[in-house]
Student: 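Have a look at this one before I ask anything.
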Number of protein chains: 2
Amino acid sequence: MTVTIKDIAARTGLSITTVSLVLNNKESRISSKTRQLILDTAEELNYIPNQMAVSLVTKETKTLGLIIMDIANPFFAELSKGISAEASEHGFDIILCDTGDSYEMTMRSLKVLASKNVDGIVITLSDEIREEKMELLADFLQNHTLPVVLIERADRLVMSDCLNVNHEKGSRLAAEHLLRLGHRKVGCITGPAHLEATGRRLKGVMDVFAERGVKFRPELVVEGDYHIESGYAGTEKILAADSSVTAIYAFNDLMAYGIYQCLKDRGIRIPDRMSVVGFDDIFFSKMLYVPLTSVALPIRQMGERAVQLLIERVANRELPRRCDVLEPRLIIRESTVPPCPADPPDRKA
Amino acid sequence: MTVTIKDIAARTGLSITTVSLVLNNKESRISSKTRQLILDTAEELNYIPNQMAVSLVTKETKTLGLIIMDIANPFFAELSKGISAEASEHGFDIILCDTGDSYEMTMRSLKVLASKNVDGIVITLSDEIREEKMELLADFLQNHTLPVVLIERADRLVMSDCLNVNHEKGSRLAAEHLLRLGHRKVGCITGPAHLEATGRRLKGVMDVFAERGVKFRPELVVEGDYHIESGYAGTEKILAADSSVTAIYAFNDLMAYGIYQCLKDRGIRIPDRMSVVGFDDIFFSKMLYVPLTSVALPIRQMGERAVQLLIERVANRELPRRCDVLEPRLIIRESTVPPCPADPPDRKA
DNA sequence: TCTGTCCGATAAAACGTTTAACCCAATCAG
DNA sequence: CTGATTGGGTTAAACGTTTTATCGGACAGA
């Protein structure tokens, strides 16, 4: 049936030790004649080593676990791409666990991965996993001493390496761009208030305004939920608060699309009468009828870096804890221009 | 370090056989007292079975391989979601191999998966893999008798189950919709001519025209490459061939976006002056400024069905070869309306 | 001729399970 | 009282590797 190291030994009349030695080319003290003989018959018989057996004795599987909240979400798909590519580069395979954002599924995946003896795990955690749940999760990891890198979540409970994106910096880029263009009345449509990322992004904006001595207007900040509809609704609220706003910064691109729709319905032209900035720079933002200026996260690099951190730790568990932060960049497109003068007559010439 | 079945045996003073029997609850002839004792200590010690060891003897890993061309592509991400969900449902995990469309990587992945003893594999193949390459691949599969289901590719070389989407039917839906609305001059922007899917989609359109006795105009068919730019260029060509065309059907949504841009630049309004139909119904099509009518593929179900087929075959390798076909549906939105009368004066009232 | 080094290769234990075969005592039918 | 049955376990082999000793011989030096 399946050909094993034994078959090769039998076929060549050598011992399985010799065969194993040659196939892993350890121990140089094997005559090149024997060596070639073994290599040839292995080739001929289409020998493929049984990793189960190998792992059983070596204690390493060359497999990494990937616990992801939703593989169909472009953000995570891109992250997975980076992770997969980098892992493959280093000879690791990955077991994909899509948790659909559920805590139970996360724990189940963790057990499965431990059971399958992965060498390490990259985890993205739902925002719902906190307090008691987080504690249980941390216990499990501690218990099984599995190398882990946490994506977009630093936590004192889990003493693992982690990898974050600089949300604050991203917002700073957006805000600085807008101020530099001359905008002073800027609306913000944020993410859900309970998310850490929301707070950090908001801080970025406020800091920039403060540093530049521009008055920040809290009444122009409305909470969104990352869906397109809340971008639409948010725009209406902002306009109701102050119809002379000249720019709106949405905490993700989807909500920026909502802004586009609302402005279209109201006959307010982008970018002439309103500049718009998004966050995430998803694929479609570049092909809107007015290509969107957006803060781009280095998602793929994040995946790659996560695997690098993980593999380093697999190789050396005694490393001190590391917490990397990746920097976003601003992609400037056509949705942002200097504000149109409040009273057109002034510069009519 | 890690706790094994042996530790439990030692702790309880029983044999490892007994422990194994209880933990897998086979053999009912174990006293419930012993049973409980074992279960309790297993719990207490946080015992997690070593799947390597289990698989070594049982010959099954409860793991499926997934060879995918590009996980960052929304189509494949969605497919993976379906696959992952269904697999998880049945207690299987999946090893993800992103081949980046390369033949070499595909073969490498195949070897890795064989080596890791997956129970079966779901494969998507690059269109470049044909003839000699296909033969090598088929040989490998035959050689290792791995259960496989092939996605979107039937091949007499690989005697595996396969799963396809009914491209012809998808095109028929689009064409019928357009004809029913009254369009007679319809342009088509196809995919690359060498792809099977392109031929099948084109056939669907032509058949419908023939059946309804409407003259099909080959000069209104232009070849695209699934990228947005070719949608733009294709539109220009079609308009050059006959400026009185009233509808364009693009073989994917991205090219439809190109149509939108071109028409916008030329001041031709959608849908008043031109109806547009796409294919794929990707996420963003519903949020274009004129939501796009598009043929939707049941991608997630495809993934689910693939896993069902695979698991059935894992359970019974003697099953006859199966080849399922899933049906697309037409999502009608605002980009398609009856054609505007050729000579407005006629019906001016 | 004896001792010590190399060289080339092997024996056997170990990894953590499953499972077929077997064992012992107690119970039961006759 | 005997022989068969049953309840409750255990022994040991097997899965396919890796790896640590170990072995036998050839050859060199004394």
Side-chain angles (χ1 to χ4, degrees), chain A residues 1-39 41-42 45-63 111-119 144, chain B residues 1-39 41-42 45-63 111-119 144:
Chain A
M1 205 65 209
T2 53
V3 13
T4 78
I5 213 178
K6 259 185 201 163
D7 299 319
I8 300 184
R11 191 72 120 68
T12 58
L14 293 160
S15 73
I16 62 169
T17 305
T18 310
V19 176
S20 170
L21 256 22
V22 168
L23 260 24
N24 301 307
N25 58 336
K26 300 194 167 169
E27 296 289 331
S28 50
R29 0 179 288 175
I30 303 267
S31 71
S32 59
K33 191 171 37 180
T34 318
R35 179 180 301 278
Q36 201 51 53
L37 175 61
I38 290 176
L39 257 20
T41 49
L45 298 182
N46 281 314
Y47 170 72
I48 290 208
N50 181 328
Q51 267 300 130
M52 301 295 111
V54 175
S55 298
L56 192 53
V57 19
T58 63
K59 305 288 196 193
E60 53 171 40
T61 51
K62 285 290 183 182
T63 304
K111 272 172 203 149
V112 165
L113 293 177
S115 179
K116 300 216 164 157
N117 287 14
V118 293
D119 296 333
H144 296 272
Chain B
M1 203 64 207
T2 54
V3 12
T4 78
I5 214 179
K6 259 185 202 165
D7 300 320
I8 301 184
R11 191 73 118 66
T12 59
L14 293 160
S15 75
I16 63 170
T17 303
T18 309
V19 176
S20 170
L21 256 23
V22 169
L23 259 24
N24 300 307
N25 57 335
K26 300 195 167 170
E27 297 288 333
S28 52
R29 5 180 283 173
I30 303 270
S31 72
S32 60
K33 190 171 38 178
T34 316
R35 179 179 301 278
Q36 201 51 55
L37 175 60
I38 291 176
L39 258 20
T41 48
L45 299 182
N46 281 312
Y47 170 71
I48 289 208
N50 181 328
Q51 266 300 129
M52 300 297 111
V54 174
S55 298
L56 192 54
V57 21
T58 62
K59 306 287 195 193
E60 53 172 41
T61 51
K62 285 290 184 183
T63 304
K111 274 174 201 147
V112 165
L113 293 177
S115 179
K116 299 216 164 157
N117 287 15
V118 294
D119 296 333
H144 296 273

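Residue numbers begin at 1 in each chain, while the letters A, B, ... track the order of the sequences.
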Student: A/S20 pairs by side-chain contact (heavy atoms from CB on, under 4.5 Å) with which of A/L23, A/I16, A/N24?
Tutor: A/N24
Student: OP1, OP2 of C/dT18 versus side-chain N and O of B/K26: anything below 4.0 Å?
Tutor: no
Student: I want to check one thing: is the phosphate of C/dG16, taken as OP1 and OP2, less than 4.0 Å away from some side-chain N or O of B/Y47?
Tutor: no
Student: Just N and O in the side chain of A/T17: are any of them under 4.0 Å from OP1 or OP2 of C/dT10?
Tutor: no
Student: Check this one for me: any side-chain N or O of B/S31 less than 4.0 Å away from OP1 or OP2 of D/dG9?
Tutor: yes
Student: For the pair made of CD1 in A/I16 and P in D/dT20, what is the distance, rounded to whole Å?
Tutor: 15 Å
Student: Can a donor-acceptor pair be found, under 3.5 Å and without considering hydrogens, that links the side chain of A/T12 to the backbone of A/A9?
Tutor: yes
Student: Measure from NZ on B/K6 to C1' on D/dT11 and round the result to the nearest Å.
Tutor: 14 Å
Student: Starting the side chain at C-beta, find the nucleotide from C/dT18, D/dT17, D/dT22 nearest to B/N24.
Tutor: C/dT18
Student: Once you round it to whole Å, what is the distance between C1' of C/dC7 and CD1 of A/I30?
Tutor: 10 Å
Student: Specify the closest pair of heavy atoms between A/S55 and B/M52, including all atoms of both residues, with the distance to one decimal.
Tutor: CB-SD, 3.6 Å
Student: Would you mind telling me which of D/dG16, D/dG9, C/dT18 lies closest to the side-chain atoms of B/K59?
Tutor: D/dG16
Student: Give the nucleotide from the list C/dA9, D/dC15, C/dT17 with an atom nearest to the side chain of B/L56.
Tutor: D/dC15
Student: Tell me whether the OP1 or OP2 atom of D/dT10 has a side-chain N or O from B/S15 closer than 4.0 Å.
Tutor: yes
Student: Given C/dT18, D/dT10, C/dG16, identify the nucleotide with an atom nearest to the side chain of B/L21.
Tutor: D/dT10
Student: Measuring to OP1 and OP2 of C/dA9, would you say a side-chain N or O of A/T18 lies under 4.0 angstrom away?
Tutor: no
Student: B/S20 side chain N/O closer than 4.0 Å to the phosphate oxygens (OP1, OP2) of C/dT18?
Tutor: yes
Student: Between C1' on D/dC15 and CD on A/Q51, what's the gap in Å once rounded to a whole number?
Tutor: 15 Å
Student: For A/R29 and C/dT10, what is the distance between atoms CZ and C1' respectively, to the nearest whole Å?
Tutor: 11 Å
Student: If you check the A/V54 side chain, which of D/dT18, D/dA12, C/dG16 turns out closest?
Tutor: D/dT18
Student: From the options B/L14, B/V19, B/T18, select the one residue that forms a side-chain contact (heavy atoms from CB on, under 4.5 Å) with B/I30.
Tutor: B/T18
Student: Minimum heavy-atom separation for A/K111 and B/I48, please, with both atom names.
Tutor: CG-CD1, 4.1 Å
Student: Just how far, in rounded Å, is C1' of D/dT19 from CG of A/N25?
Tutor: 16 Å
Student: For D/dG8, does OP1 or OP2 lie under 4.0 Å from any side-chain N or O of B/T34?
Tutor: no
Student: Which pair of heavy atoms, one from B/T41 and one from B/R11, lies closest together, and at what distance?
Tutor: CG2-CG, 4.3 Å
Student: Which nucleotide wins on minimum distance to the side chain of B/L14, given the candidates C/dC15, D/dG9, C/dT17?
Tutor: D/dG9
Student: Output the rounded distance in Å from CE (B/M52) to C1' (D/dT17).
Tutor: 13 Å
Student: Rounded to whole Å, how long is the line connecting atom CD of B/E60 with atom P of C/dT17?
Tutor: 16 Å
